[in-house]
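Encoded as structure tokens, the structure appears first; notes follow it.
Just so it is clear, the values below take in all heavy atoms, side chains as well, and ignore hydrogens, waters and symmetry mates. Each ligand, and each atom within it, is numbered from 1 in the order the structure gives.
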Amino acid sequence: MRRPVVMGNWKLNGSKAMVKDLISGLDAEIKGVQGVDVAVAPPAVYLDLAERTIAEGQEKIILGAQDTDLTNSGAFTGDNSPEMYKEFGVTHVIIGHSERRDYHSESDQYVAKKFAFLKENGLVPVLCIGETEAQNEAGETEAVCARQINAVIDLLGVEAFNGAIIAYEPIWAIGTGKAATADDAQRIHASIRGLIAAKDAAVAEQVIIQYGGSVKPENAATYFAQPDIDGALVGGASLDAKSFAAIVKAAAEAKA
Ligand code: PEP
């Protein structure tokens with residue numbers, strides 16, 4: 001039985017006040033909720049405050065980051081590294097988000113190198129994959145996801161997905177309110193798991209595959225009722241403690 005992971009991707013949102021309010025509010029809202037891992041990924045400049053705020057609370061909130069460089073130190077202006085993240089208690093790192101693939105021209109192979117570097121440094125990669133609206137309409141969703149996953153398998157072998165997380169995020173559903181139906185998401189999740197199972201059934205059985213794209217308290221339970229949806233990567237709704245906690249609770253109930 002896979003333990004679901006619900007992760008909040010704060011993107012470029014935050015302030016000192018928001019970090020404190022949101023994390024302490026979330027801590028209170030999820031008090032006693034069992035059976036689900038809860039993670040937040042604030043902007044890197046707030047990791048220190050986020051770590052301290054989590055420590056003041058009662059719940060074990062996992063701290064995540066939103067991207068990584070391919071080196072631990074050096075002349076790479078503006079970047080952050082696994083060694084730095086680890087100093088702040090970060091264990092999970094989002095890579096390959098469509099906003100990075102798009103605005104920073106990150107290729108599948110480049111993202112695969114980030115995956116490798118996170119594994120090398122003992123961090124959990126949260127690998128975002130997903131298709132554009134045009135690719136979806138052309139019936140290319142499975143092929144796009146397979147290409148993005150295969151970039152990692154080609155570089156590292158399928159075993160690299162042991163202990164890793166995949167977030168299937170149809171790009172047309174991110175921040176649009178136009179979420180995929182739970183049935184469509186399940187079909188794609190099953191195809192992703194099937195692709196991995198064809199190479200190694202045990203790896204496929206344990207890999208966490210989150211759905212992301214306009215997940216809200218109102219629709220969260222429909223996703224978590226699906227056998228191959230193991231949690232969610234949440235953008236907008238993770239910026240409100242009550243909304244995010246409602247999604248966490250939906251995962252806990254559905255997967256109990
Ligand atoms: C995301 O950016 O990872 C995301 C899923 O955003 P939203 O929930 O706002 O669609």
Are a donor atom and an acceptor atom from the side chains of Glu131 and Tyr168 found within less than 3.5 Å of each other? yes
Within the 4.0 Å heavy-atom shell around Ala173, which atoms of ligand 1 are there? 10 (O)
What do you reckon, does Ala179 put a non-hydrogen atom under 4.0 Å from ligand 1? no
Determine whether the side chain, the backbone, both or neither of Asn9 has a heavy atom under 4.0 Å from any heavy atom of ligand 1. side chain
Run the side-chain contact (heavy atoms from CB on, under 4.5 Å) test on Ile208 and Ile166 for me, step by step, so that the C-alpha distance in whole Å, both residues' side-chain angles and the decisive distance to 0.1 Å come before the verdict. CA-CA 6 Å; Ile208 297 292; Ile166 296 166; over 6 Å; no
Would you give the length of the straight line joining atom CD1 of Ile229 to atom CZ of Phe224, rounded to the nearest 0.5 angstrom? 8.5 Å
Can an N or O of Gly213 be found at a distance shorter than 3.5 Å from an N or O of ligand 1? no
Any N or O on Thr176 sitting closer than 3.5 Å to an N or O of ligand 1? no
How far is atom 9 (O) of ligand 1 from its nearest protein heavy atom, and which residue and atom name does that atom have? Gly236 N, 2.8 Å
Nearest non-hydrogen protein atom, atom 3 (O) of ligand 1: Glu169 OE2, 2.7 Å
Honestly, for Cys128 the part within reach of ligand 1 (heavy atoms, under 4.0 Å) is neither
Charged N-O contact under 4.0 Å between Lys242 and Glu29: yes
Taking salt bridge (Lys or Arg N to Asp or Glu O under 4.0 Å) as the criterion, tell me which of Arg147, Lys113, Lys114 meets it with Asp108. Arg147
Go through the side-chain N and O atoms of Asn72 and Asn121 and say whether any donor and acceptor fall under 3.5 Å apart. yes
Subset of ligand 1 atoms that lie under 4.0 Å from at least one heavy atom of Ser214: 7 (P), 8 (O), 10 (O)
Using ring centroids (six-membered ring only for Trp), state whether Phe115 and Tyr110 fall under 6.0 Å. no
Could you walk me through whether Lys11 and Glu99 pass salt bridge (Lys or Arg N to Asp or Glu O under 4.0 Å), step by step? CA-CA 9 Å; Lys11 311 190 185 192; Glu99 288 149 18; 2.8 Å; yes
Close approach of Ala237 to ligand 1, heavy atoms, under 4.0 angstrom: no
Within the side chain of Asn150, is there an N or O that forms a donor-acceptor pair under 3.5 Å with the backbone of Ile153? no
Quick one: does Lys216 get within less than 4.0 Å of ligand 1, heavy atoms only? no
Under 3.5 Å, side chain of Arg193 to main-chain N/O of Ala204, donor-acceptor pair present? yes
Ligand 1 to Ile174, heavy atom cutoff 4.0 Å, flagged ligand atoms 1 (C), 2 (O), 4 (C), 6 (O), 10 (O)
Can an N or O of Val234 be found at a distance shorter than 3.5 Å from an N or O of ligand 1? no
Proximal atoms of ligand 1 relative to His97 (non-hydrogen, under 4.0 Å): 1 (C), 2 (O), 3 (O)
Heavy atoms only: which of Gly212, Gly177, Gly235 is nearest to atom 7 (P) of ligand 1? Gly235
Carefully, step by step, assess Gln210 and Glu169 under the rule side-chain contact (heavy atoms from CB on, under 4.5 Å). CA-CA 8 Å; Gln210 297 173 317; Glu169 300 204 301; over 6 Å; no
With a cut-off of 4.0 Å, which atoms of ligand 1 are near a heavy atom of Gly175? 7 (P), 9 (O), 10 (O)
Nearest-neighbour protein heavy atom for atom 2 (O) of ligand 1, which is reported as residue plus atom name and distance: Lys11 NZ, 2.5 Å
